[in-house]
Enquirer: 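Quick one: the structure is below, and I'll ask about it shortly.
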Number of protein chains: 2
Amino acid sequence: MQNYAQLTEELKARSIKPSLQRLLLLNYMHTCHTHPTVEQIYADLAAQGHALSKATVYNTLTLFVQKGLLRVVNLDRSEARYDVLACDHGHFVCECCGAIYDEPIDFDKLNLIFPEAGSVNQRDLFYRGVCKRCLSKE
Amino acid sequence: MQNYAQLTEELKARSIKPSLQRLLLLNYMHTCHTHPTVEQIYADLAAQGHALSKATVYNTLTLFVQKGLLRVVNLDRSEARYDVLACDHGHFVCECCGAIYDEPIDFDKLNLIFPEAGSVNQRDLFYRGVCKRCLSKE
DNA sequence: TTATTGTTTAGAACGATTCTAAGTTAAATC
DNA sequence: GATTTAACTTAGAATCGTTCTAAACAATAA
């Protein structure tokens with residue numbers, strides 16, 4: 001595991017006790033730049049010899065989301081995906097192959113104000129379509 | 001049911017055979033300006049004396065989405081919500097009471113281009129936070 | 001009428017997620 | 001160091017939204 005001390009600090013800063021399982025998961029999410037599902041995370045960690053229980057994967061990811069370390073990406077109805085919270089970015093999802101692409105965006109350009117909104121905590125943007133690779137295959 | 005002929009035309013225009021169940025559902029979605037779940041739709045129609053089977057509600061909504069009459073809104077992991085396709089609008093979701101508010105938006109202002117995107121078919125935007133009503137209650 | 005095709009239906013099956021209750025670890029107190 | 005306490009992890013059961021299946025039904029064509 002890389003940056004053990006740094007990961008520990010990151011957890012402590014959010015008042016999360018740095019157990020081995022939590023450090024493994026946080027490390028995984030930091031090094032993985034896709035948008036993995038629980039199943040993928042569970043399988044990858046198991047393949048690396050870290051057999052956490054699936055319940056722990058669920059519990060920990062939920063905790064991280066609550067504490068603001070990750071966010072859930074609801075691309076479709078099937079499985080939740082998890083995303084490290086970097087700078088604001090939008091997602092493009094290929095309806096054909098399922099690939100996900102990120103692109104930084106500046107929400108402020110929209111000048112979007114919801115009169116009913118008291119406070120805004122999160123902003124998500126999704127484009128859906130067909131990626132160039134799939135389009136060229138047809 | 002209102003505008004029987006008009007609803008029939010709307011279905012035929014998308015080459016959907018206008019069965020009674022489909023007309024009922026389309027009519028419901030046109031008159032309902034919330035973002036209902038399958039359960040809500042099913043219960044409301046039953047209360048109006050139209051007891052479609054739940055399978056038909058699922059099948060028909062899926063068909064309407066495929067044919068471009070509705071879109072699915074994946075606010076969270078629990079239940080899918082359905083939305084009539086009007087002009088582009090964003091959603092604000094209150095994390096406290098679950099209320100959903102719409103606001104028209106112009107995506108073009110973002111100047112957002114995904115280099116990997118061949119074609120874009122749908123654009124969704126979600127803000128999450130606490131609505132004014134909930135904020136004032138705290 | 002007899003096929004043929006499409007639609008609806010109830011209930012079973014599925015699968016992602018949550019719950020439960022027991023086991024384990026780690027810190028706190030004596 | 002032993003004992004209590006609280007927090008964390010775990011396997012498996014339970015839940016629940018959704019999909020599947022196979023039969024019934026309706027509409028149309030031959």
Side-chain angles (χ1 to χ4, degrees), chain A residues 1 4 7-8 10-12 14-29 35-46 48-67 69-83 98, chain B residues 1 7-8 10-12 14-28 35-46 48-67 69-83 98:
Chain A
M1 180 147 43
Y4 182 90
L7 293 168
T8 301
E10 194 177 343
L11 290 178
K12 280 186 179 167
R14 312 258 173 172
S15 52
I16 300 170
K17 203 184 282 185
S19 71
L20 174 61
Q21 289 87 344
R22 288 166 176 176
L23 288 165
L24 284 169
L25 269 164
L26 187 59
N27 180 61
Y28 176 90
M29 290 305 295
H35 303 74
T37 64
V38 166
E39 203 62 40
Q40 284 166 350
I41 298 168
Y42 174 77
D44 287 350
L45 287 175
Q48 294 168 21
H50 307 297
L52 325 199
S53 84
K54 210 169 278 184
T56 299
V57 179
Y58 274 103
N59 291 341
T60 307
L61 291 173
T62 302
L63 178 70
F64 285 179
V65 170
Q66 280 166 1
K67 298 289 189 174
L69 289 171
L70 303 178
R71 89 175 138 172
V72 186
V73 184
N74 287 315
L75 290 183
D76 55 47
R77 209 97 280 291
S78 64
E79 294 167 89
R81 292 172 173 279
Y82 292 85
D83 201 1
Chain B
M1 178 147 44
L7 292 168
T8 302
E10 195 177 343
L11 290 178
K12 280 186 179 169
R14 310 260 175 173
S15 52
I16 301 170
K17 205 184 278 184
S19 71
L20 174 62
Q21 289 86 344
R22 287 167 178 175
L23 287 165
L24 284 168
L25 270 164
L26 188 59
N27 180 61
Y28 176 90
H35 302 75
T37 64
V38 165
E39 205 60 42
Q40 284 165 348
I41 298 168
Y42 175 78
D44 288 350
L45 287 176
Q48 293 169 21
H50 306 298
L52 325 200
S53 84
K54 209 169 277 184
T56 299
V57 178
Y58 274 104
N59 291 340
T60 307
L61 291 173
T62 303
L63 178 69
F64 286 179
V65 170
Q66 280 166 1
K67 297 288 189 176
L69 289 170
L70 303 177
R71 88 174 138 174
V72 187
V73 185
N74 287 315
L75 291 182
D76 54 45
R77 211 95 277 293
S78 63
E79 294 167 89
R81 292 173 172 277
Y82 292 85
D83 200 3

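The figures here come from the full heavy-atom set of this structure, side chains too, leaving out hydrogens, waters and symmetry mates. Letters A, B, ... are given to chains in the order of the sequence lines, protein chains preceding strands, and every chain is numbered from 1.
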Enquirer: With heavy atoms of chain A within less than 4.0 Å as the criterion, where does contact along DNA chain D begin and end?
Expert: dA7(D) to dT18(D)
Enquirer: Hey, does Lys12(B) have a side-chain heavy atom less than 4.5 Å from the side chain of Pro18(B)?
Expert: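 Yes; the side chains approach each other to less than 4.5 Å.
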Enquirer: Is the phosphate of dA26(C), meaning OP1 or OP2, less than 4.0 Å from a side-chain N or O of Ser19(A)?
Expert: no
Enquirer: Is there a side-chain contact between Val38(B) and Tyr58(B), using heavy atoms and a 4.5 Å cut-off?
Expert: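 Touching, per the 4.5 Å side-chain cut-off.
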Enquirer: Below 4.5 Å, heavy atoms only, C-beta onward: do Leu20(B) and Leu24(B) meet side chain to side chain?
Expert: yes
Enquirer: Rounded to whole Å, how long is the line connecting atom CG of Leu63(B) with atom C1' of dT8(C)?
Expert: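 For the pair Leu63(B) CG and dT8(C) C1', the rounded distance is 13 Å.
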Enquirer: Taking atom C1' of dT24(C) as reference, at what distance in whole Å does atom CG of Leu52(A) sit?
Expert: 15 Å
Enquirer: On DNA chain D, compare the nucleotides closest to Asn59(B) and Tyr42(A); which residue's is nearer the 5' end?
Expert: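 Nearest-nucleotide comparison on DNA chain D picks Tyr42(A).
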Enquirer: Counting the atoms with a prime plus P, OP1 and OP2 as sugar-phosphate, which does Thr56(A) contact under 4.0 Å by heavy atoms, base, sugar-phosphate, or nothing?
Expert: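 It contacts base atoms.
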Enquirer: Verify the contact: side-chain N or O of Tyr58(A) to OP1 or OP2 of dT18(C), cut-off strictly under 4.0 Å; return yes or no.
Expert: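 Looking at the OP1 and OP2 atoms of dT18(C), neither is under 4.0 Å from any side-chain N or O of Tyr58(A).
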Enquirer: Given atom CD1 of Ile16(B) and atom C1' of dT8(C), what is their separation to the nearest angstrom?
Expert: 16 Å
Enquirer: Short question: side chain of Arg71(A), backbone of Asp83(A) - any donor-acceptor pair under 3.5 Å?
Expert: no
Enquirer: Any heavy-atom pair between the side chains of Ile41(A) and Met29(A) that's under 4.5 Å?
Expert: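 A side-chain contact under 4.5 Å exists here.
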Enquirer: Please tell me which of Arg77(B) and Ala55(B) maps to the more 5' nucleotide of DNA chain C, matching each residue to the nucleotide holding its nearest heavy atom.
Expert: Ala55(B)
Enquirer: Does the side-chain contact (heavy atoms from CB on, under 4.5 Å) test come out yes or no for Thr37(B) and Tyr42(B), once each step is laid out?
Expert: CA-CA 9 Å; Thr37(B) 64; Tyr42(B) 175 78; over 6 Å; no
Enquirer: Hey, which of these two, Thr62(B) or Arg22(A), hits DNA chain D nearer its 5' end, going by closest nucleotide?
Expert: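 Between the two, 5'-proximity favours Arg22(A).
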Enquirer: Under the side chain to side chain contact (heavy atoms under 4.5 Å, CB included) test against Arg22(B), which residue among Leu69(B), Leu7(B), Leu63(B) passes?
Expert: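 Option passing the side chain to side chain contact (heavy atoms under 4.5 Å, CB included) with Arg22(B): Leu63(B).
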Enquirer: Between atom CD in Glu79(B) and atom P in dG15(C), what is the gap in whole Å?
Expert: 21 Å
Enquirer: Does a side-chain N or O of Ser53(B) approach OP1 or OP2 of dT8(C) to a distance below 4.0 Å, or not?
Expert: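 For dT8(C), neither OP1 nor OP2 has a side-chain N or O of Ser53(B) closer than 4.0 Å.
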Enquirer: Any side-chain N or O of Gln21(A) under 4.0 Å from OP1/OP2 of dT25(C)?
Expert: no
Enquirer: Heavy-atom nearest nucleotide on DNA chain C for Lys17(A) versus Ser78(A): which residue maps closer to 5'?
Expert: Ser78(A)
Enquirer: Gln40(A) CD to dT17(C) P: how many Å, rounded?
Expert: 12 Å
